[in-house]
Amino acid sequence: MPPIAADAAPIILGVVGDSAAGKSTLSGGIAAILGHDRVAMLQADDYHRYCRAERRRIGVTALDPDGNHIDILEQHLCLLRQGQPILKPVYDHVHGVLAAPERLEPKPFVIVEGLLAYHTRGLRDCFDVKVFVEPDEDLRTRWKLARDCAERGYTADLVRQSLDRREADSIAHIQPQRTFADIVVRFAPAAEHPDEAGAGLNVRHLLRPTLPHPDLGPVLDAGGKNGFHLALARDSDGKPVDVLDISGRIDGRRAKAVEDLLWSLIPEASHLRAPLGRFTDIQGKASISHPLALSQLLITYHLVKAALAAFRDQGTR
Ligand SMILES: Nc1ncnc2c1ncn2[C@@H]1O[C@H](COP(=O)(O)OP(=O)(O)O)[C@@H](O)[C@H]1O
Ligand SMILES: O=C(COP(=O)(O)O)[C@H](O)[C@H](O)COP(=O)(O)O
């Protein structure tokens, strides 16, 4: 990794998707690779306009742009991009209330996770890399039930009611943001293992030509048909995209070989190697997923390349 000048603009990654779509899980490993001292995390949920009780009372969901301070989020992202600190609001997920604001200092990398972070042009223009996560919908429901009951004080019935209440807003406001992503990440169980919710899940990456993606030729040669597959396809909007499939059944040695090859594409960052693919399964146990690890590494590749390009640009100024 090149030294990063104190006045360099941070490289900003967006990870957007519906509630319990896997944003924090994906981002956590990326932050671990880059180093927590080099990454500022911004949760767009902190910009909820109302507390949980008010939302219920006025009939607005957390997914509605009108229920969020989108304008302040946009202003704060612009400030971070200019290397300025912000005083950001805080939403307490456990109690569903707005808490005291906190200062956030920019770092060389900023990861923004949220429901609506690509909602406006101004927001979208702030990102170097835009990821959208859209797991299989039944899988997301299982993830949300387990997470919200274990960590947010919900009962299963309350989670289901909340999902029903939010469905229309998810379709109206969350899903349309998919079109703005450079990479769409979809975890899903294989047809023959419909109950899989953890390490055995497959992942599909839709790679749009809005970013120069790594040459996966050597990876594919080494991976062969064993768990790694790249094809040209058409997206739902008819546009051509590359589709990368990583199988949840990829064996540990093969996954390690693919990881090694991916690291060799960003030699400047090889000293940042960290254990990847960690997640909490729906029983609450710490686990490792190879498809998650490789997804985190592929996204990190773009952040490292963006940092190198910024460093080169500075040198020529
Ligand atoms: N890639 C993954 N593989 C396995 N389980 C996952 C994965 N991503 C998320 N999960 C499960 O879903 C839950 C919710 O994910 P989380 O990252 O908190 O979602 P979000 O940040 O989008 O709300 C996690 O606690 C975990 O149990
Ligand atoms: O949907 C999300 C995002 O959460 P995440 O993306 O982390 O799942 C809301 O921030 C909370 O659910 C707030 O609503 P409530 O507090 O009523 O659950």
Side-chain angles (χ1 to χ4, degrees), residues 13-33 41-48 52 61-63 68 91-94 96 111-118 130-154 156 159 162-163 166 169-170 173-175 177-178 181 183-190 193-205 244-250 255 275-300:
L13 166 68
V15 182
V16 167
D18 209 334
S19 178
K23 303 180 292 291
S24 308
T25 304
L26 186 67
S27 310
I30 297 169
I33 306 178
M41 305 288 296
L42 183 69
Q43 261 86 30
D45 287 355
D46 282 331
Y47 294 77
H48 286 336
R52 190 178 294 168
T61 80
L63 282 56
N68 290 274
Y91 178 72
D92 169 354
H93 274 286
V94 178
I111 302 182
V112 182
E113 290 170 24
L115 295 162
L116 290 162
Y118 304 152
K130 295 193 282 300
V131 172
F132 187 81
V133 283
E134 52 156 17
D136 168 81
E137 193 56 14
D138 283 349
L139 175 66
R140 183 176 75 87
T141 302
R142 282 182 284 149
W143 282 353
K144 185 160 172 68
L145 277 165
R147 196 267 321 262
D148 285 5
C149 293
E151 294 174 20
R152 296 190 179 172
Y154 278 83
V159 176
S162 161
L163 281 167
R166 290 160 171 237
D169 280 344
S170 176
H173 305 299
I174 309 301
Q175 294 169 25
Q177 297 173 101
R178 175 189 193 277
I183 304 172
V184 178
V185 175
R186 179 178 182 81
F187 280 88
H193 302 286
D195 295 332
E196 176 64 61
L201 290 167
N202 298 336
V203 71
R204 168 167 287 189
H205 288 209
L244 174 67
D245 283 306
I246 306 172
S247 166
R249 306 280 142 179
I250 190 168
L276 294 176
R278 291 168 192 251
F279 70 99
T280 306
D281 72 14
I282 54 177
Q283 275 84 38
K285 235 177 70 222
S287 310
I288 299 281
S289 151
H290 296 309
L292 174 61
L294 294 171
S295 301
Q296 289 166 331
L297 193 45
L298 280 160
I299 294 166
T300 305

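Order of appearance sets the numbers: ligands from 1, and atoms from 1 within every ligand.
- Not one N or O of Leu201 is nearer than 3.5 Å to an N or O of ligand 1, by distance alone.
- An N or O contact shorter than 3.5 Å links Gly22 to ligand 1 by distance.
- Side chain of Gln296 to backbone of Thr25: a donor-acceptor contact under 3.5 angstrom is found.
- In this structure, the side chain of Arg52 engages the main chain of His93 through a donor-acceptor pair within 3.5 Å.
- Residue-to-ligand polar distances place Lys23 within reach of ligand 1: an N/O pair is separated by less than 3.5 Å.
- Where the criterion is an N or O separation shorter than 3.5 Å, residue side chain and backbone included, Ser289 fails it with respect to ligand 1.
- Contact between Pro135 and ligand 1 is absent, with no heavy atom of the residue lying under 4.0 Å from the ligand.
- Side-chain atoms of Arg142 come within 3.5 Å of backbone atoms of Asp195 as a donor-acceptor pair (strictly under, hydrogens ignored).
- Close approach to Thr280 involves these atoms of ligand 1, each under 4.0 Å from a residue heavy atom: 26 (C), 27 (O).
- Checked against a 3.5 angstrom limit, the closest N/O atoms of Glu113 and ligand 1 fall outside it.
- Ser289 contributes no side-chain N or O that, together with a main-chain N or O of Ser287, makes up a donor-acceptor pair within less than 3.5 Å.
- Exactly one residue among His173, Gln43, His48 makes a side chain to side chain contact (heavy atoms under 4.5 Å, CB included) with Leu115. That residue is His48.
- A distance-only check finds a donor-acceptor pair linking the side chain of Ser27 to the backbone of Lys23 [under 3.5 Å].
- Judged purely by atom type and a 3.5 angstrom limit, Tyr118 has no side-chain atom pairing as donor or acceptor with the backbone of Ile174.
- Listed by number with element, the atoms of ligand 1 under 4.0 angstrom from any heavy atom of Phe187 are 1 (N).
- Using modelled atom types, one side-chain atom of Asn68 and one backbone atom of Ala62 make a donor-acceptor pair closer than 3.5 Å.
- Residue contact check: Ala21 has heavy atoms under 4.0 Å from atoms 19 (O), 20 (P), 22 (O) of ligand 1.
- The shortest heavy-atom contact between Ser295 and Phe187 is OG-CZ, 4.1 Å.
- For Thr25, heavy-atom contacts with ligand 1 shorter than 4.0 Å involve the backbone as well as the side chain.
- Residue contact check for ligand 1: Asp18 places a non-hydrogen atom closer than 4.0 Å to it.
- At a 4.0 Å heavy-atom cut-off, ligand 1 does not touch Ala199 at all.
- In summary, the atoms of ligand 1 found under 4.0 Å from a heavy atom of Ala197, numbered by their order in the structure, are 4 (C), 5 (N).
- Checking Arg178, Glu134, Gln177 one by one against Val16, the side chain to side chain contact (heavy atoms under 4.5 Å, CB included) holds for a single residue, Gln177.
- Looking at Ala20 next to ligand 1, an N or O pair under 3.5 Å apart turns up.
- The shortest N or O to N or O distance between Ser19 and ligand 1 is not below 3.5 Å.
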